[in-house]
There are 2 protein chains.
Amino acid sequence: MGILRKTKSVEIVVKQFDKDSSAISVITLVERLNSDMNKTTVYRILNKLEDDGVVHSFLGKNGHKWYAKCNNCSSTKHHDVHPHFQCITCGKVDCLDINVHIPEIPNRNVEIAQVLLQGQCDACIKN
Amino acid sequence: MGILRKTKSVEIVVKQFDKDSSAISVITLVERLNSDMNKTTVYRILNKLEDDGVVHSFLGKNGHKWYAKCNNCSSTKHHDVHPHFQCITCGKVDCLDINVHIPEIPNRNVEIAQVLLQGQCDACIKN
DNA sequence: TCTTAAATACAACTAAGTTGCAAATATAGT
DNA sequence: ACTATATTTGCAACTTAGTTGTATTTAAGA
């Protein structure tokens, strides 16, 4: 069950993903919005927004949760996956607009595939 | 810096990976060995074993740490990666002996790639 | 405006993983 | 074998991401 009511808190959270195309960690979001709402609210709203397909979540390098806006996410087709890239220098995370093809695995039924790439982003390579 | 001394604790931990070819979560390991050693010791030994290239670590579906024995792991070649498969029914995790090719990403320097697949394993499909 | 089901704040909790320090132990040198 | 010492371990306390229960507040339909 997703969002049912358009509250101020929901609007504020959604706005965060509009103004920034890169992914945002829950930790950052909780910190950034701590004057607007409780951290429990942040967690619950993100949960619901994901149910509704507005955002998608994934785990960053420390196992912490990140969210990004769903653009052309088709969460039903799981054999081509868009990877997430986390810069090990500046920490920024982006959804990459490429497909990583996951081959068929014998004797296993693959339903979800997550690809996390780590390295240096353009800005950090140049510095 | 890895293991310097061959202690009983180190032997016990290493033995866990010998008798079982699938990956083991740290949580399981700490629980299984709690009569043999302290959880801090488990964490520290695993850390060192990874430094030494004896085991490799990755994050499972909840962001919890898992370890598996390194067989033909070449941690220096990062553009072909072996994925980890976690069964969402029984929870078991295996290293898959296939390569997932990560394409070159423009303007980014990919150093690490993690692929986590989730679905049903052979045994759980049949049940 | 009134009703009520959904949403929120708050505080307490859970659990994975870390840290600091004193005690124990493996190993090299004698 | 014995000793010295640096490594390893146990223990307890801590950190922090994420969850839960409950009373209060609020959106939205009647």
Visitor: Calculate the interatomic distance between M37(A) atom CE and dA6(C) atom P; express it in whole Å.
Guide: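 So the CE-P distance, M37(A) to dA6(C), works out to 21 Å.
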Visitor: If you pin G63(B) and K8(B) to their nearest nucleotides in DNA chain C, which one's is more 5'?
Guide: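 Residue closer to the 5' terminus by nearest nucleotide: G63(B).
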Visitor: Are OP1 or OP2 of dT8(C) and a side-chain N or O of S9(A) less than 4.0 angstrom apart?
Guide: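 Answer yes for this pair, as a side-chain N or O of S9(A) is under 4.0 Å from OP1 or OP2.
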Visitor: Taking CG from L4(A) and P from dG29(D), how many angstroms apart are they, rounded to a whole number?
Guide: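 Checked: the CG to P distance equals 11 Å.
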Visitor: Whole-Å distance between dT7(D) P and I45(B) CD1?
Guide: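 Whole-Å distance recorded here is 16 Å.
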Visitor: Looking at the base of dT8(D), is there any donor atom on it, or on the side chain of R5(B), that sits under 3.5 Å from an acceptor on the other one?
Guide: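 Result: no qualifying N/O pair found.
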Visitor: To the nearest Å, how far apart are R44(B) CZ and dA24(C) P?
Guide: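 Rounded to the whole Å, the gap is 16 Å.
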Visitor: Relative to each other, are the rings of W66(B) and F58(B) parallel, tilted or perpendicular (30° and 60° limits)?
Guide: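 W66(B) vs F58(B) ring planes: parallel.
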Visitor: Please determine which of T41(A), N34(A), T40(A) meets the side chain to side chain donor-acceptor pair (under 3.5 Å) test together with N38(A).
Guide: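 Exactly one candidate clears the test, T40(A).
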Visitor: Any idea which of dT19(D), dG17(C), dA28(D) is nearest the K65(B) side chain?
Guide: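 The answer is dG17(C), which lies nearest to the side chain.
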Visitor: If I take atom CG in residue D51(A) and atom C1' in nucleotide dA6(C), what distance separates them, rounded to the nearest angstrom?
Guide: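 Computing the D51(A):CG to dA6(C):C1' distance gives 15 Å.
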Visitor: Do any side-chain nitrogens or oxygens of K48(A) fall under 4.0 Å of OP1 or OP2 in dA7(C)?
Guide: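 Yes, because at least one side-chain N or O of K48(A) sits under 4.0 Å from OP1 or OP2 of dA7(C).
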Visitor: Indicate whether OP1 or OP2 belonging to dA9(C) is found under 4.0 Å from a side-chain N or O atom of T40(A).
Guide: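 No, no such contact exists.
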Visitor: Classify T7(A) by what it touches in the nucleic acid, base, sugar-phosphate, or nothing, heavy-atom distance under 4.0 Å.
Guide: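 Answer is sugar-phosphate: T7(A) comes under 4.0 Å of backbone atoms only.
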Visitor: Which residue lies toward the 5' end of DNA chain C, I27(B) or V10(A), if each is placed at its nearest nucleotide?
Guide: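 Mapping each residue to its closest nucleotide by heavy atoms, the 5'-most match is V10(A).
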Visitor: For the pair made of CG in N38(B) and C1' in dG10(D), what is the distance, rounded to whole Å?
Guide: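 To the nearest whole Å, that distance equals 5 Å.
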Visitor: Select base, sugar-phosphate, or nothing to describe what D36(A) touches, counting heavy atoms under 4.0 Å on all strands.
Guide: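 If one applies the 4.0 Å heavy-atom cut-off, D36(A) turns out to touch the sugar-phosphate alone, with no base involved.
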Visitor: Can you check the N62(A) CG to dG18(D) P distance for me, whole Å?
Guide: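 It works out to 10 Å between those atoms.
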Visitor: Between the side chains of Q120(A) and R108(B), is a donor N or O closer than 3.5 angstrom to an acceptor N or O?
Guide: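 No - no donor-acceptor pair under 3.5 Å links their side chains.
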Visitor: Would you mind classifying the nucleic acid contact of K39(B) as base, sugar-phosphate or nothing, using non-hydrogen atoms under 4.0 angstrom?
Guide: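 Counting heavy atoms under 4.0 Å across all strands, the contact made by K39(B) includes a base.
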Visitor: Name the residue from K69(A), E50(A), H84(A) that meets the side chain to side chain donor-acceptor pair (under 3.5 Å) definition with H56(A).
Guide: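 So, applying the side chain to side chain donor-acceptor pair (under 3.5 Å) to H56(A) and each of K69(A), E50(A), H84(A), only H84(A) qualifies.
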Visitor: So does K126(B) pair up with D122(B), basic N to acidic O under 4.0 Å?
Guide: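 Result for this pair is yes, salt bridge flagged.
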Visitor: In whole angstrom, what separates Y43(A)'s OH from dA12(C)'s C1'?
Guide: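 That distance rounds to 16 Å.
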